[in-house]
There are 2 protein chains.
Amino acid sequence: MPTKSLLDRKAAGSTIKKMKATLSRERVLKTAAQVFAEKGYAGTTMRVVAERAGLQAGSLYYHYRSKEELIEAVLSMGLRGVADSVRLAVAAVPETASARELIDTAIIAHLTSLLEYGDYALASRRLLGQVPPRIRRKHIDLRDEYGDFWLALLETALGSGELRPGVDLHLARAFTLGALNYALEWYRPGGKPLEEIGSEFSLMICDGIFSRRLSE
Amino acid sequence: MPTKSLLDRKAAGSTIKKMKATLSRERVLKTAAQVFAEKGYAGTTMRVVAERAGLQAGSLYYHYRSKEELIEAVLSMGLRGVADSVRLAVAAVPETASARELIDTAIIAHLTSLLEYGDYALASRRLLGQVPPRIRRKHIDLRDEYGDFWLALLETALGSGELRPGVDLHLARAFTLGALNYALEWYRPGGKPLEEIGSEFSLMICDGIFSRRLSE
DNA sequence: GTCTATACTTTGATAGAC
DNA sequence: GTCTATCAAAGTATAGAC
């Protein structure tokens, strides 16, 4: 039955093509995240991304229609990835838990997923000001929604009386996220285990780096 | 005496020219810092810097020989400015002061001068990875020297028993500088006074955001 | 899907008039 | 000191062969 055989071969060929397309597309995206994070938006050329992904420059345009479409994909991955991970982790905390446990979970989830998303997270936090206005607005909104989530988390802790009374929640959020996001600049795998870093950071954020003076 | 008069006029003209040159040079540098901080290294064009500084593109090259020379000047200003301010402030603390007072001073000086140097500080921290290799190395060294200074500061505090025992000094430094440097991203003048922000940050870094549980 | 070739645009930098 | 004019290099993106 030549007809069926032909169909089979055709179907098989199409499937392989799609798999190849998906693989290439992901490799391009990952490479783009690396280069964007390192060189900035304008400093990233389609030629370099293509070269590092093992393609010719023209071939990129089969997977992404433009440089703008490429940076959009990178930014979304970096912002949504981390935000979703943290929301998920926090949602899994039992209702009975203290606000401290909630924030402890959020801190560790943020740090962990941030480093897991690596160059995506880096690019999405470094390049927001460099990309074309339309893209910038969209992703600044994403970032701010996640910021609101953190503010709500801190409000809970303040409401339950666990935060130091009178603490400025906006400052506390900036303080926390700043300390955590900076890990993108210094963290290198191979040192202290990530879980350890996470719990030490959580301790520093919640209780500071100085000894407690019980006399106070 | 036409001779003397001529000399006078010539000297006066030369002086005015020099003043004009200095003014333009500084305006160009300041403008460059703004654009670099916003758009990244490659995203900053000499034409845009010139335009915002009220000059034609070609005229920039009278003040700076190249784009590289321009970014070097911006980076140096941002890194040296903050580092020198903090060292100066710490050096002025009395010998009798506690390590806590020393670090409190450093925190506030870092935050204050960081925001004072604004776009210079921003550019020098965002663009290190984007600039040509030769320039990058030089300024990464500058940044690392300042990092050593902070590590020494924390070692002092650990040595005097004021830090929580067993705290990882490298992590504590990353934690502190991360929280502080992030202010470059969110701080806008017009809100809470900078002194207030400084002391609240110092409190959060040293004692955390949670209430102290005296029972522990 | 990927390659080669190429059209079009922008950029850093220079030269010479004023 | 600043301007105008201009060049060579490098960038994004497209078109058509394979």
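As the structure is a prediction and not an experimental result, all values here were calculated from the model. In what follows, every chain begins at residue 1, and chains take the letters A, B, ... in the order their sequences are listed. Basis for what follows: all heavy atoms, side chains included, without hydrogens, waters or symmetry-related copies.
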Problem set entry | Euclidean distance, atom CD of residue Glu51(A) to atom P of dT12(D) [Å, nearest integer] | 13 Å

Problem set entry | For Val82(B) against Ala121(B), the heavy-atom pair lying closest together | CG2-CB, 4.5 Å

Problem set entry | Distance in angstrom units between Tyr61(A) OH and dT14(D) C1', rounded | 9 Å

For this session: Tell me which residues in residues 24-49 of chain B put a heavy atom below 4.0 Å from DNA chain C, sorted by number, or none.
Result: Thr44(B), Thr45(B), Met46(B), Arg47(B)

Exercise. Gln56(A) side chain: which of dC3(C), dT2(C), dA13(D) is closest?
Worked result: dC3(C)

Problem set entry | Least distance between heavy atoms, Trp186(A) atom then Ile197(A) atom | CH2-CG2, 4.1 Å

Exercise. Starting at CG of Leu60(B) and ending at C1' of dT11(C), how long is that distance when rounded to a whole Å?
Worked result: 13 Å

For this session: Can you tell me the distance, in whole Å, between the NE2 atom of His63(A) and the C1' atom of dT14(D)?
Result: 16 Å

Report all interatomic pairs (protein N or O, nucleotide N or O of nucleotides 15-18 of chain D) with separations under 3.5 Å.
none

Seminar exercise, completed: In whole angstroms, the gap separating P of dT4(D) from OH of Tyr62(B) amounts to 18 Å

Problem set entry | Length of the line joining Lys67(A):NZ and dT14(D):P, which is rounded to integer Å | 15 Å

Exercise. What is the ring orientation for Tyr146(A) with Phe149(A), classed by angle as parallel under 30°, tilted 30 to 60°, or perpendicular over 60°?
Worked result: parallel

Problem set entry | Glu72(B): salt bridge (charged side-chain N to carboxylate O under 4.0 Å, His left out) partners, not counting sequence neighbours | Arg134(B), Lys138(B)

Problem set entry | Arg137(B) atom CZ: more than 12 heavy-atom contacts under 6.0 Å | no

Exercise. Cation-pi between Lys39(B) and Tyr41(A): NZ/CZ under 6.0 Å from ring centre and within 45° of the ring axis?
Worked result: no

Problem set entry | Note: Glu185(A)-Arg125(A) ion pair, threshold 4.0 Å (strictly below) | no

For this session: Before giving the answer on side chain to side chain contact (heavy atoms under 4.5 Å, CB included), spell out for Val28(B) and Leu70(B) the whole-Å C-alpha distance, their side-chain angles and the decisive distance to 0.1 Å.
Result: CA-CA 9 Å; Val28(B) 166; Leu70(B) 193 49; 4.1 Å; yes

